[in-house]
Each structure stands twice: as structure tokens, then as C-alpha cells.
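Down below is the structure, laid out as C-alpha cells.
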Amino acid sequence: MTWQPFEIAPESPGQSLGDYLRGNPVDDLLIKEKALVFRGFAVTEQTLEGPMELLLPHRLAYVHGNSPRTKVGQNVYTSTEYPAEFTISMHNELSYAAGWPSRLMFFCAQAAAIGGATPVVDGVRWLESLDSGVRDDFAKGVRYTQNLHGGMGLGKSWQETFETDSKPEVEAFLDASAAEWEWRADGGIRVSQVRPATTRHPVTGAEVWFNQADQWHPASLGDDTAAMLAEIMPPEDLPQSVTFADGSPIPPGHVIQARDRGLDNAVDVNWRTGDVLLIDNVLVGHGRRPFTGARRVLVAMSD
């Protein structure tokens, strides 16, 4: 039987999501079901704050995040702002970092005219879908490298990434996360960190695929784009890149397999305006399908 997010509807006509949550705590249910869709509660951006406080009691800033987003409230952001025609592959939020949110909440303020689903994938199934040779190779871990410019350049600046203009604050954050870093002569910073390719859920103990190697690897850009960038700069100077932990290259086929099998095993949450999706960020990966028309999905996260 294919795993599906668990859908929750109002218990009575006109019930607000806040009233439902006050009478029905969902912590245990989230671990059991891995993803919850709250549908039919008529949530709006103006009424979102109350339910969000109940679902995300310790809301986090998107510090060290590599996706382009716009901050629209107190630790509330737009979903990743990639062009509508692109698919965003499956991933767990901040899986490349020393710490990550335990849960994510998505809110659909406006559903796209066509497409725009948020696919979600069971991390255990994703891991089991990979060839044994790929799993064995990744067991050594991965090394992520970022080149964050100081105001002008490709990708995000370090100021955007760490939500500060203070170099000492950045250094303290990186030191606490056991990252290697160096300020560059051009005002940017290079950050390198070794992370495992899988992790285990702190409650269930389930082992899941938990890395973003495919999104950091040039192979994910497509042959033409990767070739063009290779002519401009070496891999170590790209805004982001990834190798195995020992510095050896990851075969393109490995990351393409991980990307494609994650998407193949995903199920779509087809948005309706007013929907709220809550996911366990370790047990479930997420992405985005292409779309047409205006689409506004907000995201917030909690430890």
C-alpha cells in the first residue's frame, strides 16, 4: 500500500484550525503518519498565526539556508523562489547543516492555476529504493562546499544566508556547527562541512536518506549548464558543490538516481487555497512540481 499524508477535516461546520488543534494535539499523530494535511478550515494569511503557534511552538529562522526565499513575517518565508517551470527535487530542509528543523509547515495562500503540487516522499522508502552500490558509496558521508559572496556574485550572499551583517556572528555560528570556513579576499566566505548521507529519526529510530547531494552536484544543472559553468570556474568555486567526505568526486549517476527515485516514490499534495501541510522533516522529504499561474505557498519551521 502506498504511503499517503494523513488528511484532517473540521469536526464541525465552521471549526477553525486553531480550535481543532487546541482540542486535538497532533505531536504523536505526526510521528505516526509522517505528514498531515489540514483541509477545509478556511485558513488565510490573516488567521494563520494562531494555528502556526500551536503547530510550531519554537519557530526557527532560516539561517544557513541555501534556497532563495523572501521573509514575510516572524520566521515565516515564501517557499523556494525558483522559476515556475522547474521541478524542485526531493529534499529534507537543511539536511546539509549541523542542525535542522524537526518539522515544517506549509500554507497555501493561493493555489496555482495548473500544477504546483508539493510532492512528499517517505525517507525510508527513498533510501530502500536506491541501488545497494549507491548506498554503500554514500556511507562514507558527503562534503558540502559553499562560496557565499559579500554582495555581488552568483548565488546568495553570506548576509542573506545567515541573516546578519556581522562577521563575528557568522564565525560563531560556523564554529558551533563544526564547519570549516575562510573569508575570501573579495569579501565572500567559503564554508565546507562534512555530513552523513543518512540519519535516524530520534523517536522511531528509522533510518532515512538525508542529504542534498543531488541539489549541490553540477549534474543536477543539466549537461549544457554544467558544461558552461565548468568553462567559467572550477567546481570548488561554484556557489555550492558536493563531494564524498574524503574529497573524492560523486559520480553523476549516483546523484541522478537519488534525485529520480525520490521523485518517483513521492506522492503529491495537490494544493487547495487555505490548506496547511505539516511534515516531520526527518521522516519525509519534499519538493515542488512545475506550475502555471500565480502561486503563493508560505513555509515556517520548528525544532
Side-chain angles (χ1 to χ4, degrees), residues 1-10 17 20-21 24 26-27 29-45 47-48 51-52 54-56 67 69 72 76-95 100-126 129 208-210 212 215 259-302:
M1 181 177 177
T2 302
W3 168 80
Q4 295 278 347
F6 187 75
E7 188 170 322
I8 297 173
L17 181 54
Y20 175 88
L21 294 170
N24 300 274
V26 298
D27 291 3
L29 183 63
L30 178 62
I31 293 174
K32 176 186 175 184
E33 301 292 346
K34 306 180 182 180
L36 308 175
V37 177
F38 301 92
R39 177 163 285 163
F41 290 93
V43 180
T44 67
E45 283 195 55
T47 63
L48 179 62
M52 190 160 47
L54 295 168
L55 293 173
L56 306 174
S67 297
R69 305 179 187 274
V72 298
V76 182
Y77 303 82
T78 58
S79 57
T80 301
E81 295 173 349
Y82 284 156
E85 65 269 25
F86 294 136
T87 295
I88 298 176
S89 61
M90 310 308 296
H91 60 286
N92 303 79
E93 204 64 50
L94 290 166
S95 61
W100 48 80
S102 63
R103 59 174 65 175
L104 305 180
M105 188 213 72
F106 299 87
F107 166 65
C108 181
Q110 182 176 358
I114 299 173
T118 292
V120 289
V121 64
D122 182 329
V124 173
R125 184 182 181 94
W126 190 3
S129 76
V208 298
W209 185 248
F210 198 76
Q212 286 173 240
Q215 293 188 336
R259 180 197 68 189
D260 291 350
R261 293 191 184 173
L263 285 165
D264 288 345
N265 285 283
V267 294
D268 287 350
V269 175
N270 293 301
W271 290 113
R272 301 177 191 173
T273 298
D275 283 353
V276 172
L277 167 65
L278 184 70
I279 67 173
D280 185 303
N281 185 46
V282 173
L283 294 174
V284 173
H286 65 281
R288 192 202 70 189
R289 303 292 187 188
F291 64 93
T292 59
R295 177 186 187 270
R296 182 171 173 83
V297 174
L298 304 181
V299 61
M301 55 201 77
S302 178

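- Residues Ala35 and Leu277 approach most closely at CB-CD1, 4.4 Å, considering heavy atoms.
- Under the 4.5 Å side-chain criterion, counting only non-hydrogen atoms from C-beta, Val120 is in contact with Pro5.
- Considering CG of Asp280 and CG of Leu29, their distance stands at 11.5 Å, rounded to 0.5 Å.
- With sequence neighbours excluded, the residues forming a side chain to side chain contact (heavy atoms under 4.5 Å, CB included) with Pro10 are Gln15, Phe41, listed by chain and number.
- Of all non-hydrogen atoms in Ala113 and Gly293, the two that sit nearest each other are CB-CA, 4.2 Å.
- Residues satisfying the side chain to side chain contact (heavy atoms under 4.5 Å, CB included) test with Ala84, not counting sequence neighbours, are Phe291.
- If you take CZ on Phe107 and CE on Met52, they are separated by 9.5 Å, rounding to the nearest 0.5 Å.
- The CG atom of Leu278 sits 6.5 Å away from atom CG of Leu56, with the distance rounded to the nearest 0.5 Å.
- Judged by distance alone, with hydrogens and angles left aside, the side-chain atoms of Ser89 form no donor-acceptor pair with the main-chain N or O of Arg259 at under 3.5 Å.
- Here the closest non-hydrogen pair linking Glu45 and Ala109 is OE2-CB, 3.5 Å.
- Residues that satisfy the side-chain hydrogen bond (donor to acceptor under 3.5 Å, both in side chains) test with Asp264, not counting sequence neighbours, are absent from this structure.
- Residues satisfying the salt bridge (Lys or Arg N to Asp or Glu O under 4.0 Å) criterion with Asp268, sequence neighbours excluded, are Arg289.
- When all heavy atoms of Pro101 and Leu94 are compared, the closest pair comes out as CD-CD1, 3.8 Å.
- When the side chain to side chain contact (heavy atoms under 4.5 Å, CB included) test is applied to Thr87, the partners found at least two apart in sequence or on another chain are Leu263, Pro290.
- With rounding to the nearest 0.5 angstrom, the CE atom of Met301 is 5.0 Å from the CD atom of Glu93.
- One finds the CZ atom of Arg296 at 7.5 Å from the OG1 atom of Thr78 (value rounded to the nearest 0.5 Å).
- Thr47 pairs by the side-chain hydrogen bond (donor to acceptor under 3.5 Å, both in side chains) definition with Thr44, not counting sequence neighbours.
- A donor-acceptor pair under 3.5 Å is absent between the side-chain atoms of Arg288 and the main chain of Ser79, judged by distance alone.
- Not counting sequence neighbours, the partners of Tyr77 by the side-chain hydrogen bond (donor to acceptor under 3.5 Å, both in side chains) test are Glu163.
- Asn92 contributes a side-chain N or O that, together with a main-chain N or O of Asn281, makes up a donor-acceptor pair within less than 3.5 Å.
- Applying the salt bridge (Lys or Arg N to Asp or Glu O under 4.0 Å) definition to pairs two or more places apart or across chains, those involving residues 31-40 are Glu7-Arg39, Lys34-Asp122, Arg39-Asp275.
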*Between His286 and Ile279, is a side-chain contact (heavy atoms from CB on, under 4.5 Å) present by the stated rule, with each step listed?*
CA-CA 9 Å; His286 65 281; Ile279 67 173; 3.9 Å; yes

*Please test Trp3 against Val284 for side-chain contact (heavy atoms from CB on, under 4.5 Å), starting from the C-alpha separation and ending with a verdict.*
CA-CA 11 Å; Trp3 168 80; Val284 173; 3.9 Å; yes

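- For Trp271, the side-chain hydrogen bond (donor to acceptor under 3.5 Å, both in side chains) partners two or more places apart in sequence, or in a different chain, are Thr118.
- In this structure, CG on Leu17 lies 8.0 Å from CG on Leu54, to the nearest 0.5 angstrom.
- With sequence neighbours excluded, no residue forms a ring-ring contact (aromatic ring centres under 6.0 Å, His included) with Phe38.
- Residue pairs meeting the side-chain hydrogen bond (donor to acceptor under 3.5 Å, both in side chains) criterion with at least one member in residues 100-112, sequence neighbours excluded: Asp27-Arg103.
- Take Arg261 and apply the salt bridge (Lys or Arg N to Asp or Glu O under 4.0 Å) test, not counting sequence neighbours, and it matches Asp131.
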